[in-house]
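These numbers come from a predicted model, not from an experiment. First listed ligand is number 1; within each ligand, the first listed atom is number 1. Quick note: residue numbers are just sequence positions, from 1.
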Amino acid sequence: MAEARIIDGKGFAASLRARIAVAVEDLRTRHALVPGLAVVLVGEDPASQIYVRNKGEQTREVGMHSVTHRLPVDTSQEGLLRLVNQLNQDPSIHGILVQLPLPGHIDTQAVLSAIDPAKDVDGFHVVNTGRLSVGLPALVPCTPLGCMMLLKDTLSDLRGMNAVVIGRSNIVGKPMAQLLLAADCTVTIAHSRTRDLPAVARQADILIAAVGRPEMVRGDWIKEGATVIDVGINRVPARDPAAAAAGKTRIVGDVAYAEAAAVAGAITPVPGGVGPMTIACLLSNTVTAACRAAGVAVPAGVGL
Ligand code: NDP
């Protein structure tokens, strides 16, 4: 069997950002509308700092208005809620993202619920979750949105396909399953209590792995020709023992890539697959939110 086609998420994300930049310029000149994204970071978690910096840079690169609020780790819940309310009222801000995880003394759900659902570009507010599940226009969580864009680009027609999503988190697994259902797939959601997971996975024409366990999905879990989307980002010791002993690491997905690529029809690599799509989809959601707020049609090629 031929080696799987590699789904180039990095390249797709770059072309999506280029389309967004064109759309942003068009919105500015024709509608005097500049989409604005506010990112809020509480504390100094190193990974979160990198994500927040990247989000700000990419927002500016496509010509959008970008604001970053960096708050000290001991910020009170009331203080954070006050800022969220200010951003809710600010007409230059169309998208609000509060970087997770928040420090332990802050009730994450209370903060996410305080964001105006129309500005909830992470798609985590229950209003958006509910709208997605009943098939109304919603702001969709960025990672599953990115996976769906890659799937639609890879497969001409998803209708009737068996899709298996491994993982049922609110940010990836569940919204992913809703999107696949909306695309007329027959959807199975698997999780840590699923019996005989390899057999369930082998039913999949589309297999989504969103587990957080390095290389858990093996080659013999995959149906020949299936499309495999690996959401996992796991840091493991470097391959070279000396480098590993020196503390060097590498990133792997939830799928054993080489084994899977020998069986699958198409597969996302890690890194370079789903990962780069997430911020690109955050930009896409911000344009969508800005257009809806202004009553302007969302430009073609920016959303799903
Ligand atoms: P969570 O930890 O919130 O959820 C993991 C899910 O996997 C749970 O539903 C859990 O089941 C299930 N699971 C855990 N162990 C097993 C097992 N042995 N067999 C079957 N199912 C299992 O993770 P997230 O959804 O937040 O993230 C998943 C992965 O995606 C992570 O590697 C994360 O780093 C990555 N990620 C990547 C992003 C990107 O931009 N590419 C963005 C977000 C996440 P149960 O519910 O029963 O506990």
Side-chain angles (χ1 to χ4, degrees), residues 6-14 16-17 39 45-48 50-55 58 97-102 108-109 112 121-124 129 132 139-151 163-180 187-204 207-218 220-222 228-236 249-257 260 267-285:
I6 297 170
I7 301 172
D8 177 13
K10 192 173 172 198
F12 190 97
L16 175 58
R17 286 196 305 273
V39 177
D45 175 68
S48 294
I50 295 170
Y51 293 143
V52 166
R53 197 179 60 223
N54 289 343
K55 285 169 186 170
Q58 293 191 26
L97 182 144
V98 177
Q99 184 66 43
L100 303 181
L102 287 168
T108 300
Q109 205 50 53
L112 296 181
V121 282
D122 248 345
F124 295 162
T129 312
L132 175 62
L139 289 165
V140 176
C142 302
T143 300
L145 178 61
C147 294
M148 205 59 200
M149 287 185 186
L150 294 178
L151 279 171
V164 174
V165 182
I166 313 180
R168 57 174 164 180
S169 71
N170 291 332
I171 66 169
V172 188
K174 283 182 196 155
M176 187 73 241
Q178 291 290 357
L179 287 170
L180 290 161
V187 183
T188 303
I189 308 179
H191 46 76
S192 65
R193 305 301 169 99
T194 296
R195 289 196 193 134
D196 198 356
L197 184 55
V200 173
R202 271 192 292 273
Q203 301 299 313
L207 181 63
I208 314 279
V211 189
R213 304 212 175 252
E215 301 179 326
M216 183 185 85
V217 176
R218 311 307 310 189
D220 64 359
W221 295 28
I222 290 163
V228 178
I229 305 287
D230 188 353
V231 182
I233 301 177
N234 308 291
R235 197 169 279 284
V236 298
T249 57
R250 66 192 167 103
I251 301 286
V252 297
D254 290 339
V255 177
Y257 181 82
I267 185 168
T268 56
V270 177
V274 174
M277 290 299 292
T278 297
I279 298 184
C281 286
L282 173 66
L283 306 178
S284 156
N285 274 348

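With hydrogens left out, the protein atom closest to atom 48 (O) of ligand 1 is Ser192 OG, 3.6 Å, a heavy atom. With hydrogens left out, the protein atom closest to atom 34 (O) of ligand 1 is Ile233 O, 3.4 Å, a heavy atom. What sits closest to atom 8 (C) of ligand 1 on the protein, heavy atoms only, is Arg168 N, 3.9 Å. Of all protein heavy atoms, the one closest to atom 26 (O) of ligand 1 is Ile171 CD1, 3.5 Å. Atom 43 (C) of ligand 1 has its closest protein heavy atom at Val172 CG2, 3.9 Å. Closest to atom 40 (O) of ligand 1 among all protein heavy atoms lies Thr278 OG1, 2.7 Å. Looking from atom 36 (N) of ligand 1 to the surrounding protein, the closest heavy atom is Val231 O, 3.7 Å. Of all protein heavy atoms, the one closest to atom 5 (C) of ligand 1 is Val211 O, 3.3 Å.
Contact of the Asn170 side chain with the Phe124 side chain is not registered, since no non-hydrogen atoms from C-beta on lie closer than 4.5 Å. Side chains of Met176 and Leu151 form a contact here, defined as non-hydrogen atoms less than 4.5 Å apart.
Between Ile208 and Leu180, the shortest heavy-atom distance links the atoms CG1-CD1, 4.2 Å. Closest non-hydrogen pair, Ile222 versus Arg202, comes out as N-CG, 4.1 Å. Residues Asp230 and Thr268 share a closest heavy-atom pair of N-OG1, 2.8 Å.
Close to ligand 1: Met216, with a non-hydrogen atom less than 4.0 angstrom away. In this structure, Ala210 is part of the shell of residues with a heavy atom less than 4.0 angstrom from ligand 1. Look at Gly173 and you'll find every heavy atom at least 4.0 Å from all atoms of ligand 1.
Within the model, atoms OG of Ser284 and CE of Met277 stand 8.5 Å from one another, a figure rounded to the nearest 0.5 Å.
Within 6.0 Å of the CG atom in Leu112, the count of heavy atoms belonging to other residues, nucleotides or ligands exceeds 12.
Taking a cut-off of under 4.0 Å to the non-hydrogen atoms of Arg213, the atoms of ligand 1 that pass are 14 (C), 15 (N), 16 (C), 18 (N). Heavy-atom contacts of Val274 reach the following atoms of ligand 1: 41 (N) (cutoff under 4.0 Å).
For atom 19 (N) of ligand 1, the nearest non-hydrogen atom from the set Ile279, Leu197, Val200, Val252 comes from Leu197.
The residue Thr194 has no part lying near ligand 1, judged by heavy-atom distances below 4.0 Å.
Residue Ser169 has at least one N or O atom closer than 3.5 Å to an N or O atom of ligand 1.
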